Amino acid sequence: MDLSYGSEYDAFREEVRSFIRENKDKQPQAGDGIKSQAMRDWQALLIENGYHSRTIPREYGGYGAEPDIIKSRIIAEEFGAERMHRGFNGQGVTMLTPVLLEMGTEEQKKAFVEPTIRAEMIWCQGYSEPGAGSDLASLTTKAELDGDEWVINGQKIWTSTAHHADWIFCLVRTEPDAPKHLGISFLLFRMDTPGIEIRPLVDMTGDANFNEVFFTDVRVPKHQIVGERGQGWQVANAILGHERGSLATPDAAMNRLNGVKRLMREESINGAAIIDNPVFRDRLLKLEGRVLAMQYNDMRLLSAKINRNQDVRLAGMIVKLIGTELRHEIECLGIDVMGEIGLSYGDNPHVRGRGSWQYQYMFYLGLIIGGGTSQIQKNIISERGLGMPKEPKVEPKKVEPKIAPKIPAAGAK
Amino acid sequence: MEFGLSQDQLLLDDSVRKYLSSEVSIDAVRKIASGEQSDSDIWRGLADMGLAGIIIPEAHGGAELGMLDAVAIAEAMGYAACPGPFLSTAVMSAHLLNHSGATDPLAGMASGDYRVGIAFSDFVGSRKGAVTESASKLSGQSLYALDASADAYLVALADGRTFMVESEHLDRTLLTTIDTTRSVCELNFDQTPACLVTDDAQLVRDTLYRGRAIQAADTLGAAQYMLDQAVAYSLDRKQFNRAIGSFQAVKHMCAEMASQLEPCRAFVWYAGHAFDEAAEDAAATACHAKAHLSEVGQFVAKTSTEVHGGMGFTDLVGLHYWFKRIGFNRQLLGSPEAVRHEVAVMQGLCGD
Ligand SMILES: Cc1cc2nc3c(=O)[nH]c(=O)nc-3n(C[C@H](O)[C@H](O)[C@H](O)COP(=O)(O)OP(=O)(O)OC[C@H]3O[C@@H](n4cnc5c(N)ncnc54)[C@H](O)[C@@H]3O)c2cc1C
């Protein structure tokens, strides 16, 4: 066991710290939206200094550093400790960019990566459909080739940030006769293309962050496809891998847990601080034990990225499931320690932490469902992690030609 | 940066697991649990591998390894439901004696000939009466001392003063618990001659925390065994013309066990490592690990048994030895609630 990053990284850490000291005031503030100049300026400053898009090659607008897991970790630690804004990390940045770099054509990389990481081109992810959620591969939005254009018809749902997005990366069915996983393609197109209609969906937090998106004869240039026709499922899966790990980090969970501790010191009932209540304290400490387990699990995962001989498949597979459920419970404790004050929301003058406890409690329930539900995670863990049998495949019901019922022979029972 | 067991630690772990799987069969466990056989052959074998003296300095015949090594071994022992005084003699007593300067017994302990038990009930929190001392003589009662065949005991009083008492001067009674693979006893003192080993409460506390880290690792190993058994059984057992492991309810039980258990591995390693290299974290991490593993262990013990159906409930497959081992680790040296309270005190969240 060697937990030091090595003295060669001390200078790097110092560099990050001094960047933070000097630039703290330039961070975007709470009101700055994803399309504000403040956000773009901050994004540019982070990239220029290697604190965002660090390993993306310079020719595509990144900082162009060699991958160095420890340096990335140090940046995360220092930014986390000072609660610094990590820059814009929408779905285009975290999910599309890695896939374009791996599977995109040279023209696609040139055209999309730089504006995406600079937050100048905002993307949304068009995967889920009303009839295709957990069973994503059953999606039916279709794209047919007409000359040099795809013509798209169908509907997406739960499309986060579609109302802000300039572009969409979208899964469509292009080979209706192929088996379901082999008939999908991965298209990129502008959200202002004629024939796209966006209807906001209000979620339980009161926000309207996701949408229904309808496509009626939407025409998209033929070359705006990533990978080959019918390869969209592989492309999408490469991205889902990137999505899962990033949804629930244990360091953020520990920050929130420390927030609960502060709340418990500040809040009181009949003059007694909540922290003096042994029942709440035990709940707090129990959660702390669980967060610690996830933090050390995270160190193990980090170590395995550096030391390739360590097997951490299972340790990685459980992060989305445990991380999101744990976070939801931490937020729940935050509410519970406040009792009726914990109900406060919106403009209520008694609200604590700008309503973040209730908001995050609900938001993390969304994350438990989104990006592969907890049940789907358990399927994956049991099948790929523990080697248990796969779910039986049920073929879609064939419509049988109607045959007149047989008339039983006389005397038959 | 490297988080995990080193090449040497993996080799040691591997050889211990090989030994345990051949020598500590379910039959052996059964015989020891029923009192038909003692654990002395197994302990002798482990001592010959250097495990009785794992943390004892080389100068006293030990292997002089660290807590991370000890924790890895404890995990392997939990996996095998291995009887023997690893927790009491090899870790807790060895640490306390070594650091109090009372090193005479260490050589005998390292060779496996001499066992020093742990009577910490007053120090952890007495449920009944207390042991008192006057003029180097002890009176009163200490409960749940580990283990019943020790040659001597380290008796820690409520204030942390710790005495060594030879078993020949003692009135002791074996206490039956759910887990009869590990023996505990009641020590009755009546003006019993005792020798002060230390009055350094900090050292005694540190010894207790080390014990808890070992218990956490032991529970991890035992729970991992129960999970492995559940998965294997579910692939073998058929109902409704299919392996029960193909039912989603069963798959999800196993996935839930694995998801809770897997992060515990890193947690337990860090708890061991902290004693060796990150002293400031050691106490809180060991306590947290013990409490957390108690909860996860309890869940796995119950769930694995359920996956086995009626078979899990029988004596026949012997799964219950692991179930009971996990329950034993949970209560001994502090229940999870009590241990979490100690962490809260350490963090200044509340008074004693
Ligand atoms: C906050 C949020 C943001 C989202 N953002 C986006 C986005 O930007 N783009 C996008 O494309 N999608 C997005 N989604 C959609 C998300 O990926 C889906 O909601 C999710 O995959 C579940 O699909 P579903 O809602 O259709 O539920 P269903 O698949 O209908 O599931 C309903 C219930 O059935 C269970 N279930 C289904 N199949 C199985 C099975 N095989 N075994 C056991 N249980 C099963 C589920 O676990 C769940 O409990 C978002 C969702 C949320 C909540």
Side-chain angles (χ1 to χ4, degrees), chain A residues 1-6 9 69-70 73 250 261 264-265 275-278 281-282 284-286 288-290 292-304 306-307 309-310 312 314-319 321-322 325 374-375 377-383 385-392, chain B residues 1-6 9 66 68 227-228 230-231 234-235 242-243 245-248 250-273 276-278 284-285 287-293 295-296 336-337 339-341 343-344 347 349-351:
Chain A
M1 193 88 96
D2 171 15
L3 301 187
S4 80
Y5 295 157
Y9 288 103
I69 288 146
I70 293 179
R73 178 74 171 205
K261 275 187 200 169
M264 288 174 70
R265 285 207 168 95
I275 196 76
D276 293 332
N277 179 314
R281 225 166 39 222
D282 194 57
L284 173 78
L285 272 287
K286 226 177 186 171
E288 186 169 74
R290 290 166 61 191
L292 283 173
M294 292 308 286
Q295 282 190 309
Y296 297 121
N297 192 62
D298 203 43
M299 284 170 84
R300 189 177 163 206
L301 294 175
L302 172 73
S303 168
I306 301 167
N307 310 283
N309 56 344
Q310 297 180 322
V312 294
L314 192 53
M317 245 175 235
I318 57 105
V319 170
L321 172 70
I322 298 291
E325 301 270 359
S374 284
Q375 292 68 38
Q377 300 304 316
K378 289 181 195 175
N379 286 350
I380 294 171
I381 292 161
S382 57
E383 291 168 14
L386 301 175
M388 298 177 82
K390 281 186 153 284
E391 288 299 294
Chain B
M1 190 265 182
E2 186 171 22
F3 184 97
L5 301 180
S6 68
Q9 283 159 338
L68 179 55
L227 168 59
D228 290 352
V231 172
S234 79
L235 298 180
R242 42 196 276 217
S246 69
F247 293 115
Q248 198 177 54
V250 175
K251 284 166 67 177
H252 284 197
M253 283 199 264
C254 292
E256 186 66 42
M257 287 192 272
S259 302
Q260 292 197 27
L261 201 54
E262 192 58 27
C264 294
R265 204 169 308 285
F267 198 174
V268 159
W269 288 343
Y270 188 78
H273 168 78
D276 300 332
E277 308 281 346
T285 312
C287 292
H288 255 318
K290 146 113 184 170
H292 181 65
L293 262 299
E295 309 293 8
V296 174
E337 291 77 9
V339 172
R340 283 193 291 268
H341 175 72
V343 179
Q347 294 186 1
L349 297 178
C350 61

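Predicted, not measured: the structure shown is a model, and the values here were computed from it. So you know, we letter chains A, B, ... as the sequences are listed, proteins then strands, and number each from 1.
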Qualifying residues under ring pair (Phe, Tyr, Trp, His ring centres under 6.0 Å), relative to B:H292, sequence neighbours excluded: B:F267
Residue B:L349 versus chain A: region with a heavy atom under 4.5 Å: both
Side chain, backbone, both or neither of B:A291 within contact of chain A (heavy atoms, under 4.5 Å): neither
Heavy-atom proximity to chain B below 4.5 Å, by part of A:L321: side chain
With sequence neighbours excluded, residues passing salt bridge (charged side-chain N to carboxylate O under 4.0 Å, His left out) with A:K261: A:E288
Structural part of B:E295 lying under 4.5 Å from a heavy atom of chain A: side chain
A:I70 portion near chain B, given a 4.5 angstrom heavy-atom threshold: side chain
Residue A:D282 versus chain B: region with a heavy atom under 4.5 Å: both
Toward chain B, the part of A:R290 with a non-hydrogen atom under 4.5 Å: both
Region of A:I322 in contact with chain B, defined by heavy-atom distances below 4.5 Å: side chain
Under 4.5 Å from any heavy atom of chain B - which part of A:I69: neither
Heavy-atom proximity to chain B below 4.5 Å, by part of A:E391: both
Side chain, backbone, both or neither of A:L386 within contact of chain B (heavy atoms, under 4.5 Å): both
